[in-house]
S.K.: 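Starting off with a structure, shown below.
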Amino acid sequence: MREEPAEDFDAFVRARWSATARLADALTLDHQKAEDLAQEAFTKLWFHWRKVGSENPEGYLRKIVTTTFLSARRRRWIGERPTQTPPDTAVGSATGQVDERLALRAAMARLSPRQRAAVYLRYAEDLSEQTVADLLGCTVGAVKQHTRRGLDALRNDQHFTTPDELAELAGRGIV
């Protein structure tokens with residue numbers, strides 16, 4: 001009888017790994033930390049799988065990722081300290097898509113963790129304000145405030161947006 005939940009869990013991990021890693025990457029802005037966060041979230045989910053497996057495992061997993069990310073940000077210990085500038089610099093992309101993604105990532109890094117989580121969950125994951133509030137453990141009003149302040153910061157980020165870029169992002173409904 002133990003095999004069936006394990007098989008269900010394995011199938012769930014295979015189906016949701018990419019989406020969970022993308023969420024973790026958007027929150028941490030670091031690929032390696034994102035993989036660690038996703039793995040930690042699935043590990044925590046495993047211990048509650050019998051209870052959660054048939055209910056809403058995707059929502060529960062999203063909650064674990066978000067709360068684990070936010071609680072890790074409150075810890076005082078910092079294991080690594082990044083340098084001011086990386087030793088290598090990226091080469092510009094001919095298509096511009098990579099440059100745009102890097103600029104957005106850098107702008108998101110300048111937001112507070114809660115603003116980043118609220119903006120990402122609302123617009124990239126397309127979740128309702130109530131769902132984001134439940135994930136962040138705050139009120140809908142706080143989600144609105146974090147989202148508004150985050151979007152205002154993105155709009156006013158001089159390193160991220162030129163008037164043309166801002167118009168294009170507004171046209172796509174991002175800002």
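For this chain, numbers begin at 1 and follow the sequence in order.
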S.K.: Would you please test Asp152 and Arg155 for salt bridge (Lys or Arg N to Asp or Glu O under 4.0 Å) and show each step?
M.R.: CA-CA 5 Å; Asp152 286 346; Arg155 284 186 193 105; 3.0 Å; yes

S.K.: Using 0.5 Å steps for rounding, measure from the CG atom of Asp134 to the CZ atom of Arg62.
M.R.: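 Rounded to the nearest 0.5 Å, the CG-CZ separation comes out at 11.5 Å.
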
S.K.: Is a side-chain N or O of Arg16 found less than 3.5 angstrom from the main chain of Phe42, in a donor-acceptor match?
M.R.: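 No, the answer is negative, given that no donor and acceptor are paired below the 3.5 Å cut-off.
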
S.K.: So how far is it from Leu29 CG to Leu111 CG, rounded to the nearest 0.5 Å?
M.R.: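 CG of Leu111 is found 9.0 Å from CG of Leu29.
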
S.K.: Of the non-hydrogen atoms in His146 and Ala118, which two are nearest, and what is the gap between them?
M.R.: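 Nearest pair, atom of His146 first, then Ala118: CB-CB, 3.8 Å.
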
S.K.: Identify the heavy atoms of Gly59 and Leu135 that sit nearest to each other, and give their distance.
M.R.: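 Distance-wise, the nearest heavy atoms are O-CD2, 4.0 Å.
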
S.K.: Considering all heavy atoms of both residues, which atom of Val65 and which atom of Ala41 are nearest to each other, and what is their separation?
M.R.: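 Smallest heavy-atom distance, with atoms named: CG2-CB, 3.5 Å.
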
S.K.: Side-chain contact test, heavy atoms from C-beta onward, threshold under 4.5 Å: evaluate it for Leu23 versus Leu121 and give yes or no.
M.R.: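 Yes, their side chains come closer than 4.5 Å.
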
S.K.: Does CD in Glu129 sit with more than 12 non-hydrogen atoms of other residues, nucleotides or ligands closer than 6.0 Å?
M.R.: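 Yes, enclosed.
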
S.K.: List the atom of Lys44, the atom of His48, and the distance in Å for their closest heavy-atom pair.
M.R.: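 Result for this residue pair: O-CD2, 3.3 Å.
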
S.K.: Is the backbone N or O of Ile64 less than 3.5 Å from a side-chain atom of Thr67, with the two atoms forming a donor-acceptor pair by type?
M.R.: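 Pair found, side chain donor or acceptor close to backbone of Ile64.
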
S.K.: Nearest 0.5 Å, what's the CH2-CZ distance between Trp17 and Arg22?
M.R.: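 Those atoms lie 12.5 Å apart.
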
S.K.: If you round to the nearest 0.5 Å, how far is CG of Leu45 from NZ of Lys63?
M.R.: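 Here the interatomic distance stands at 14.5 Å.
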
S.K.: For Cys138 and Val143, which heavy atoms make the closest approach, and how far apart are they?
M.R.: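 Answer, listing the atom of Cys138 first, then Val143: SG-CG2, 3.7 Å.
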
S.K.: For residues Ala107 and Leu154, report the shortest heavy-atom separation together with the two atoms involved.
M.R.: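 Taking every non-hydrogen atom into account, CB-CD2, 3.6 Å.
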
S.K.: If we check side chain to side chain contact (heavy atoms under 4.5 Å, CB included) with Arg114, which of these qualifies: Val119, Leu70, Thr66?
M.R.: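 With Arg114 as partner, side chain to side chain contact (heavy atoms under 4.5 Å, CB included) holds for just one option, Leu70.
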
S.K.: Any chance you could measure Leu151, atom CG, to Tyr123, atom OH, to the nearest 0.5 Å?
M.R.: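 With rounding to 0.5 Å, CG (Leu151) is 4.5 Å from OH (Tyr123).
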
S.K.: Would you compute the distance between atom CD of Gln115 and atom CE of Met108 and round it to the nearest 0.5 angstrom?
M.R.: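 So the CD of Gln115 and the CE of Met108 are separated by 10.0 Å.
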
